S.K.: 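Here you go, one structure.
Since we're looking at a predicted model, the values are computed, not measured. Chain letters run A, B, ... following the sequence lines, proteins first, then strands; residues in each count from 1.
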Amino acid sequence: MRFTIRQNDLRTKARAGELETDHGTILTPIFMPVGTAATVKGIFHRDVRDEARAQIILANTYHLYLRPGMPIIEAAGGVHRFSTWEGPMLTDSGGFQVFSLAACRKLKEEGCHFRSHIDGSKHLFTPESVIDTERTIGADIMMAFDECPPGDAPREYAAKSLELTQRWLDRCFDRYHRTQPKYGHYQALFPIVQGCTYPDLRSRAAENVLQYDADGYAIGGLAVGEPTEVMYEMIEVVNAVLPENRPRYLMGVGTPVNILEAIERGVDMFDCVMPTRNGRNGQLFTAEGVINIRNKKWEADFSPIDPEGTAFVDTLYSKAYLHHLCVCGEMLAAQIASLHNIAFYLRLVGMAREHILAGDFKPWKETMVQKLTRRL
RNA sequence: GUGGAUGUAGCUCAGUCGGUUAGAGCGUCGGAUUGUGGUUCCGAAGGUCGAGGGUUCGAGCCCUUUUUUCCACC
């Protein structure tokens, strides 16, 4: 998997690059829509690709392991053939579920014992079993199995958690090197840098992952409750250590402003449920600010959803119609808003890339940050 | 015309034996959501209890007049 930096921004640490996978080349910085169950909720793959212009999507190891289960994925010939998504894919390992499903699991040295949120059945996830599962799913980029601790974790817990994550990482790479892809295309394994909000732990964690000479590196455990400024500081600490010539992936982030700030600090890849989840709840992100389409003020506004938008829904449908669909709880409301939002996120990172290449990222970013937080 | 029922938040309705600041759902307004347990969650505003009079320490509730809407019968 080759990563080439085309341009470094002169005044910031932002970079424009190309990441080559066996399913296509990804232009960075990039946003990756989340498709937990091998679907970006509510949107046809065709529209994810052609309208939102997504270049890579996520799927989730924990969720696909439970449903439909690995025998089905393997019989289908991997997640690409099963889902018909032909572009690059990335699987999260289930490490985030260690955090988000904390009430349903027990952590041990060997791994994480989950009680299924679907039927209560018990499942042991180990670094080895997760790599095996990710091999079976067959994504182009596999994520290491880690513990994602909460943002307010005390230092003692954060340090212990980091050590566990590092031991697990070693076991992940050991299994990775002993196994082969199942479907004839290359699979990268990205380690995840943890360390909560403690700069020295973060720095040490970043130093530790260098030993694996990975195709890319992820920053995890952020946007989980800590103040935004602390998150930015942690990104700076970690990126000061990570190699320049590998892609950097900030997991689970974030708002449009978060993404621009992280790009400025040298991050190349992002994923977040925000555009789809918030879209389902009526929040639209635009270059001029945020719209809550449920508000009565849009009831008779027949202007396009987003005149500057590039997805067909942006100019085909009016705000009044989307407001109506949203108020009625119609499925189409979630579909339109989700497609609009991921199209906007992709347009935003696309513009960021253009401005990095043009050399004026910094002033462009400053004006965008002003506009993006406005409430319309 | 006669008899009966009815009127409580924007809408549809609860409201115990007459007892503290009259409630719910929906709607409205606002907020939350960050490697997806979310058609979700949280909060706020909104009342001369149709109107007048009376009984009572105290009335949404009891009495009375009037009025609204609905039903049945002439």
S.K.: Report yes or no: do A/Tyr62 and A/Asp92 form a side-chain donor-acceptor pair below 3.5 Å?
M.R.: no

S.K.: Check every strand shown and say whether A/Asn292 touches a base, only sugar-phosphate, or nothing at a heavy-atom separation below 4.0 Å.
M.R.: nothing

S.K.: How close do A/Val224 and A/Cys148 get, heavy atom to heavy atom, and via which atoms?
M.R.: CG1-SG, 4.1 Å

S.K.: What is the first contacted nucleotide of RNA chain B and what is the last, in 5' to 3' order, if contact means an atom lying under 4.0 angstrom from a heavy atom of chain A?
M.R.: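 So the outermost contacting nucleotides come out as B/rU28 to B/rU40.
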
S.K.: Closer than 3.5 angstrom, by distance alone: can the side chain of A/His355 be matched with the main-chain N or O of A/Lys362 as a donor-acceptor pair?
M.R.: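 The answer is no, because no donor-acceptor pair under 3.5 Å joins these two groups.
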
S.K.: Does anything in residues 367-376 of chain A reach RNA chain B, meaning a heavy atom under 4.0 Å, and if so which residues?
M.R.: A/Arg375

S.K.: Using a heavy-atom cut-off of 4.0 Å across all strands, would you classify A/Ile192 as base, sugar-phosphate, or nothing?
M.R.: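 It contacts base atoms.
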
S.K.: Would you check if A/Leu124 and A/Lys108 make a side-chain contact, meaning some heavy-atom pair closer than 4.5 Å?
M.R.: no

S.K.: Verify, without hydrogens or angle tests, whether A/Lys319 (side chain) and A/Pro304 (backbone) share a donor-acceptor contact under 3.5 angstrom.
M.R.: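 Yes; judged by distance alone, with no hydrogens or angles, the pair exists.
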
S.K.: Given A/Tyr183 and A/His80, is the ring-ring contact (aromatic ring centres under 6.0 Å, His included) satisfied, shown in steps?
M.R.: CA-CA 10 Å; A/Tyr183 312 110; A/His80 288 90; 8.4 Å; no

S.K.: What parts of residues 17-33 of chain A reach RNA chain B, counting only heavy atoms under 4.0 Å away?
M.R.: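 RNA chain B contact set from residues 17-33 of chain A: none.
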
S.K.: Students often mix this up, so state it plainly: with edges at 30° and 60°, are the rings of A/Trp364 and A/Phe361 parallel, tilted or perpendicular?
M.R.: tilted

S.K.: Have A/Thr25 and A/Glu18 got a donor and an acceptor in their side chains that come within less than 3.5 Å?
M.R.: no

S.K.: Does any residue of residues 81-105 of chain A have a heavy atom under 4.0 Å from RNA chain B, and if so, which ones, in number order?
M.R.: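 Only A/Asp92, A/Ser93, A/Phe96, A/Gln97, A/Ser100, A/Leu101, A/Cys104 qualify.
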
S.K.: What's A/Asn281 touching, base or sugar-phosphate or nothing? Going by heavy atoms closer than 4.0 Å.
M.R.: base

S.K.: Does A/Asp146 reach a base, just sugar-phosphate, or nothing at all? Heavy atoms under 4.0 Å.
M.R.: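 Base, at least one base heavy atom under 4.0 Å.
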
S.K.: Using distance alone, with no hydrogens and no angle criterion, decide if A/Gln194 and A/Thr165 have a side-chain donor and acceptor under 3.5 Å apart.
M.R.: no

S.K.: Just by distance, with hydrogens left out, do A/Asn60 and A/Gln97 show a side-chain donor and acceptor under 3.5 Å apart?
M.R.: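 Their side chains do contain a donor-acceptor pair, which is all the 3.5 Å distance test asks for.
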
S.K.: Donor-acceptor check, side chain of A/Tyr176 to backbone of A/Gln187, threshold 3.5 angstrom: yes or no?
M.R.: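 Judged by distance alone, yes, a pair lies under 3.5 Å.
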
S.K.: Using the rule salt bridge (charged side-chain N to carboxylate O under 4.0 Å, His left out), only one of A/Asp213, A/Asp215, A/Asp268 pairs with A/Arg246; which is it?
M.R.: A/Asp213

S.K.: Do A/Ile73 and A/Met89 belong to the same hydrophobic cluster, where Ile, Leu, Val, Met, Phe, Trp and Tyr are linked whenever their side-chain heavy atoms lie under 4.5 Å apart, directly or via other members?
M.R.: yes

S.K.: Using the P atom as the reference point in each nucleotide, state the distance between B/rC29 and B/rC49 in Å, no decimals.
M.R.: 27 Å

S.K.: So among A/Thr310, A/Ile30, A/Val48, which one has a side chain to side chain contact (heavy atoms under 4.5 Å, CB included) with A/Leu346?
M.R.: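 Considering A/Thr310, A/Ile30, A/Val48, a side chain to side chain contact (heavy atoms under 4.5 Å, CB included) with A/Leu346 is found only for A/Ile30.
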
S.K.: In whole angstrom, give me the gap between the P atoms of B/rG10 and B/rA51.
M.R.: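 Here B/rG10 and B/rA51 have their P atoms 13 Å from each other.
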
S.K.: Quick check on RNA chain B: between A/Gly329 and A/Ala144, whose nearest nucleotide comes earlier from the 5' end?
M.R.: A/Ala144

S.K.: Checking all strands, does A/Glu226 fall into the base, sugar-phosphate, or nothing category for heavy-atom contacts under 4.0 angstrom?
M.R.: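 Here A/Glu226 touches no strand at all.
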
S.K.: P atom, B/rC61 versus B/rA9: distance in rounded Å?
M.R.: 15 Å

S.K.: Give RNA chain B the dot-bracket treatment, 5' to 3': Watson-Crick (N1-N3 with N6-O4 or O6-N4) or G-U (N1-O2, O6-N3) under 3.5 Å, [ ] crossing, | other strand.
M.R.: (((((.(..((((.....[...)))).(((((.......))))).....(((((..]....)))))).))))).

S.K.: Give a yes or no answer on whether the side chain of A/Arg202 reaches the backbone of A/Val193 with a donor-acceptor pair at less than 3.5 Å.
M.R.: yes

S.K.: Restricting to pairs with a member in residues 132-152 of chain A, which pass ring pair (Phe, Tyr, Trp, His ring centres under 6.0 Å), not counting sequence neighbours?
M.R.: A/Phe145-A/Trp168

